[in-house]
Amino acid sequence: MSRYDARNIEPKWQKAWQEAGTFEAKRDPSRPKYYVLEMFPYPSGRIHIGHVRNYTMGDVVARYKLATGHNVLHPMGFDAFGMPAENAAMASGGHPKTWTYDNIDTMVEQMKPLGFGLDWSRMFATCDPEYYGQQQAMFIDFMEKGLVYRKSAVVNWDPVDMTVLANEQVIDGKGWRSGAEVERRELTQWFFKISDFSEELLEALDGLEHWPEKVRLMQANWIGKSRGLRFAFPPVGEGEAIEVFTTRPDTLMGASFVGISPDHPIAKKLEAENPEIAGFVAQCRKGGTTAEAIETAEKLGMDTGLRVTHPLDPDWELPVWIANFILMDYGTGAIFACPAHDQRDLDFARKYELPVIDTFYALDDPKPVVREAFVPPKSEKVKWINHFAGLDEATGEEAIEATIRFAEEKGWGTGVTQYRLRDWGLSRQRYWGCPIPVVHCDACGVVPEKKENLPVKLPDDVSFDVPGNPLDRHPTWRDCTCPKCGAPAKRETDTMDTFVDSSWYYARFTNPHADTPTVAEDVDYWMNVDQYIGGIEHAILHLLYSRFFARAMHICGHLPEKSKEPFNALFTQGMVTHAIYMTRDEKGRPVYHYPEAVDLRDGKAFLKESGAEVEVIPSAKMSKSKNNVVDPVDIVETYGADTARWFVMSDSPPERDVEWTAAGAEAAAKHLARVWRLADEIAGASGPGEGDDDLLRETHKTIDAVTKGIDGFLFNTSIAKLYAFTNTVQKSNAGAEAKRAAMRVMAQLMAPMTPHLAEEVWAHLGGEGLVANAPWPVADPALLVSDSLTLPIQVNGKRRDEITVPKDMAKDEIEALALATDGVQRALDGAVPKKVIVVPGRIVNVVA
RNA sequence: GCCCGCGUGGUGGAACGGUAGACACAGGGGACUUAAAAUCCCCAGCCUUCGGGCGUGCGGGUUCGAAUCCCGCCGCGGGUACCA
């Protein structure tokens with residue numbers, strides 16, 4: 001008997017696939033194409049077990065589709081621009097470029113032994129000038145189509161380092177390096193007009209049938225369509241009217257004050273005139289730019305002294321407050337507050353002793369608001385108090401529409417549809433990104449670079465010893481001539497958000513080295529991505545930006561109409577987690593231990609070195625600082641790629657997090673060894689046996705279940721079925737030929753998950769050619785049904801007995817049999833059943 | 001704060017609204033072995049007076065029947081527009 005030696009066998013089959021060109025994708029209109037794509041990795045330096053899981057899922061799909069006769073495109077690349085490379089350069093003095101390309105080399109080297117069926121000839125990194133040059137060309141196309149503009153927007157400003165910070169570099173409102181209190185500062189920045197597509201991006205979500213409902217919901221909420229009223233509060237005396245947008249115009253009679261953003265033009269004007277207001281506004285600008293920081297900050301306000309009048313009552317004066325929770329980006333940057341029906345407004349009103357005016361009560365409980373705002377669902381009927389449009393009992397929805405109609409008829413307001421989605425700010429004041437290909441000319445203004453001058457390449461001679469953007473302080477890089485008038489001019493030094501890079505890479509894979517962004521024949525053939533796989537953390541930004549980008553590319557002729565939604569199906573997978581092993585030092589500080597340093601016995605953990613007991617924190621996100629990272633390279637060296645692949649596909653459902661355990665990996669390795677032993681034994685067997693038909697039946701049931709599992713992204717259930725099938729084959733007394741046939745099917749069904757072992761078993765049992773190319777087995781429906789079935793019998797929903805009956809027995813016969821069972825008789829205890837429910841093929845429930 | 005998920009034995013998990021716990025890990029027992037490893041076989045949610053009772057984070061509800069649907073909580077995770 002031969003032992004299965006993954007270390008020798010795996011490279012052998014990898015070479016065989018390479019020589020046969022099994023995974024090289026070539027256009028072939030005679031075959032249906034299938035494009036499977038996993039979100040490409042950031043080149044952090046080493047692959048992570050989470051990558052292994054992600055790419056194994058894609059590979060299972062790719063190999064399965066290949067076996068079902070598809071022409072499969074399954075590419076890989078790197079999302080290679082971004083901050084970590086600059087941080088590494090700052091920390092250790094290297095260059096982002098060498099750091100990034102070295103990391104890519106390492107990661108490719110680590111990925112290849114895993115045996116993914118990838119077309120490596122299509123690999124690229126987004127920091128390749130060949131790629132970002134095409135991105136620059138598209139940026140210029142977008143400019144021509146009016147999809148790009150500049151405007152002022154706020155950034156996190158570190159007043160000590162004099163630099164812009166990313167949100168993650170702001171910790172508790174302070175700069176991560178300087179520790180200085182961060183402030184929000186305005187800067188002129190580049191924007192994509194994604195807001196022009198708000199309605200379209202929202203509506204098209206309905207067509208994304210093969211996307212998870214939760215992702216579509218998140219995107220819909222993010223786009224945030226709302227109907228409301230836009231109107232102005234006229235000023236008292238001199239001054240300007242204040243235009244507001246509200247989604248609850250029906251509560252206008254409950255208005256207590258008008259609030260404006262600290263960035264509102266009126267606030268800015270007052271800031272310039274009034275030192276007290278200037279101080280307050282400065283206070284409001286403290287802290288980072290995130291919605292979280294703004295919304296969880298203490299609510300602050302200041303009375304400006306300005307007064308406006310209520311649009312329905314010229315004698316009713318309302319104060320104008322500046323409030324830190326009002327965003328200039330949404331609506332008009334000004335609101336009216338109705339404390340009785342909005343908790344935030346109520347908290348603010350109580351704090352600053354502003355009036356609280358009820359506008360409606362609950363039908364059954366007409367009590368005034370005290371400490372909790374009354375905010376019923378808009379679909380619920382309420383009792384209105386003195387409503388100006390004459391409402392008595394009506395829902396919020398009805399009242400809102402009635403109010404809008406009323407305002408429009410009287411001419412003091414307009415019903416408008418508002419979206420929360422903001423334009424995409426793509427400017428980054430950083431080096432390691434795609435340069436924005438424009439030139440600033442004193443005479444001509446902002447001018448796009450000529451396409452023949454692309455790519456605008458990043459200079460290599462830069463330093464990271466001081467904070468700020470190295471492009472800004474480069475001695476010569478900025479110098480250029482104006483593409484329009486030829487006069488000396490300066491290059492733009494902002495680079496693009498890395499989300500731009502990842503918004504079109506899927507299209508570039510269809511012809512990665514073309515000298516245009518895409519080539520029509522290739523995108524026509526390969527697009528769309530049939531199955532996209534990646535983390536749920538990308539549910540909103542990356543996926544929404546990609547959807548926008550595909551539309552913009554279509555407008556510029558780089559993608560066909562059908563690719564406006566580029567991802568036909570989306571699957572979001574969970575993370576791989578690992579226990580943290582922790583002890584404490586003499587000062588009580590945590591000390592983290594590597595899994596290799598820990599022994600597990602009797603459900604407890606001990607340090608190998610000292611025998612000291614270790615605290616186990618289960619299911620933690622893998623993190624280098626916690627020493628709970630398992631390296632796929634070690635796993636592959638110890639057990640082989642198939643074991644790693646089998647493990648990450650087993651046990652946990654793919655969309656959920658999976659905990660990596662050494663015991664689980666060991667178990668996977670044992671199972672694969674067992675499959676090999678079984679195959680080896682069967683290969684040498686001969687002669688007839690008993691139960692060939694039963695084995696065939698089980699084989700087809702397994703084909704059916706495994707196929708359904710793969711189709712439905714329930715790989716863990718496919719694997720459970722394959723475990724069960726191994727048990728079945730092992731226990732079967734069927735003849736040698738029947739067992740060999742069963743085992744060849746086993747090889748085929750396992751091939752997507754454990755391709756190397758599958759090839760070896762296939763070859764050993766006389767399979768023809770590569771199992772990778774063998775047509776996927778098809779279950780015979782006739783072999784899936786049994787002649788008889790077992791029905792559980794419930795009494796009042798509790799299982800009391802069961803009966804085994806022919807599969808087509810009549811309902812009344814089943815009912816009679818069920819009532820006669822001991823279990824039912826005992827449970828009924830002489831009572832007469834009121835009703836008997838027979839669900840054919842499922843269950844019988846006796847209601848007593 | 002807001003939006004979206006998730007929560008089932010000691011553990012990972014399975015279960016078209018229809019027998020809760022498939023399949024595995026850890027555990028217990030046995031076979032083989034001088035012994036061990038490896039392998040193979042068997043047992044196994046909890047409680048029980050052996051009739052049964054209780055069980056899918058907690059509390060309600062809908063239903064003949066709820067892990068699954070609805071409402072309200074609790075806990076954990078993801079996102080929150082400059083992490084990718």
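Proteins get letters first, then strands, A, B, ... in listed order; numbering begins at 1 in each.
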Nearest of [options] to any side-chain atom of [X]?
X: A/Arg799; options: B/G18, B/A20, B/G13; value: B/A20
X: A/Asn156; options: B/A84, B/C82, B/C23; value: B/C82
X: A/Asn167; options: B/G52, B/C83, B/G13; value: B/C83
X: A/Ala166; options: B/G52, B/C83, B/A84; value: B/C83

OP1 or OP2 of [N] sitting under 4.0 Å from any side-chain N/O of [X]?
X: A/Asn716; N: B/C23; value: no
X: A/Arg656; N: B/C76; value: no
X: A/Asn221; N: B/C4; value: yes
X: A/Arg422; N: B/A81; value: no
X: A/Ser650; N: B/A24; value: no
X: A/Arg842; N: B/G17; value: no
X: A/Ser652; N: B/G13; value: yes
X: A/Arg420; N: B/U80; value: no

_Side chains of A/Thr804 and A/Ser788, donor plus acceptor under 3.5 Å_ =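 Per modelled atom types, A/Thr804 and A/Ser788 side chains form no pair under 3.5 Å.
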*Are A/Ser152 and A/Glu186 close enough that a side-chain donor and a side-chain acceptor fall under 3.5 Å?*
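Looking only at side-chain atoms, A/Glu186 and A/Ser152 do form a donor-acceptor pair, the distance falling under 3.5 Å.
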[atom1]-based separation of [M] from [N] [nearest Å]:
N: B/G21; M: B/G10; atom1: C1'; result: 14 Å
N: B/G53; M: B/U48; atom1: P; result: 16 Å
N: B/C41; M: B/G57; atom1: C1'; result: 38 Å
N: B/C58; M: B/U63; atom1: P; result: 23 Å
N: B/G9; M: B/C25; atom1: C1'; result: 13 Å
N: B/U56; M: B/A20; atom1: P; result: 12 Å
N: B/G7; M: B/G17; atom1: P; result: 15 Å

Name the nucleic acid region contacted by [X], choosing base, sugar-phosphate or nothing; use a 4.0 angstrom heavy-atom cut-off, strictly under.
X: A/Pro41; result: nothing
X: A/Asp329; result: nothing
X: A/His538; result: base
X: A/Ser427; result: base
X: A/Leu421; result: base
X: A/Ala667; result: sugar-phosphate
X: A/Gly664; result: nothing

*When you measure from the side chain of A/Glu86 to the backbone N and O of A/Trp432, does any donor-acceptor pair fall under 3.5 Å?*
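Flag set: sc A/Glu86 to bb A/Trp432 pair under 3.5 Å.
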*Would you state whether a donor and an acceptor, one from the side chain of A/Gln730 and one from the base of B/C41, lie under 3.5 Å apart?*
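Flag unset: no donor-acceptor pair detected.
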*Side-chain donor/acceptor of A/Gln429 to base of B/C82, under 3.5 Å*: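 A donor-acceptor contact between them is present.
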Under 3.5 Å between N/O atoms: give me all the protein pairs with nucleotides 43-50 of chain B, atom names plus distance.
none

*asked:* Requiring both pairing distances under 3.5 angstrom, list the stems that contain RNA chain B and are made of three or more consecutive Watson-Crick or G-U pairs.
replied: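 Stem list for RNA chain B: B:1-7 with B:74-80, B:10-12 with B:23-25, B:27-31 with B:39-43, B:45-47 with B:52-54, B:57-61 with B:69-73.
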*Think A/Arg150 forms a cation-pi with A/Trp190, using NZ or CZ under 6.0 Å from the six-ring centre and within 45 degrees of its axis?*
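Yes, A/Arg150 lies over the aromatic ring of A/Trp190.
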*Ring-face cation of A/Arg420 near A/Trp222 (centre distance under 6.0 Å, axis angle within 45°)*: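 Geometry flag: set, cation within 6.0 Å and 45°.
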*Let me know the distance between NZ of A/Lys299 and C1' of B/C2, rounded to the nearest Å.*
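Roughly 11 Å, once rounded to whole Å.
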*Grab the CD1-C1' distance between A/Ile843 and B/A15 for me, whole Å please.*
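Between C1' of B/A15 and CD1 of A/Ile843: 13 Å.
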*Parallel, tilted or perpendicular for A/Phe548 and A/Phe197, by the 30°/60° rule?*
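Ring orientation of A/Phe548 relative to A/Phe197: perpendicular.
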*Start at the 5' end of RNA chain B and walk down; is the nucleotide closest to A/Lys214 or to A/Gly823 reached first?*
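Looking at RNA chain B, the more 5' nearest nucleotide goes with A/Lys214.
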*Which residue lies toward the 5' end of RNA chain B, A/Val154 or A/Val847, if each is placed at its nearest nucleotide?*
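Its nearest nucleotide being more 5', the pick is A/Val847.
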*asked:* Working note: A/Asp704 + A/Lys708, criterion salt bridge (charged side-chain N to carboxylate O under 4.0 Å, His left out); need CA distance, chi angles, decisive distance, verdict.
replied: CA-CA 6 Å; A/Asp704 183 57; A/Lys708 280 185 178 148; 3.2 Å; yes
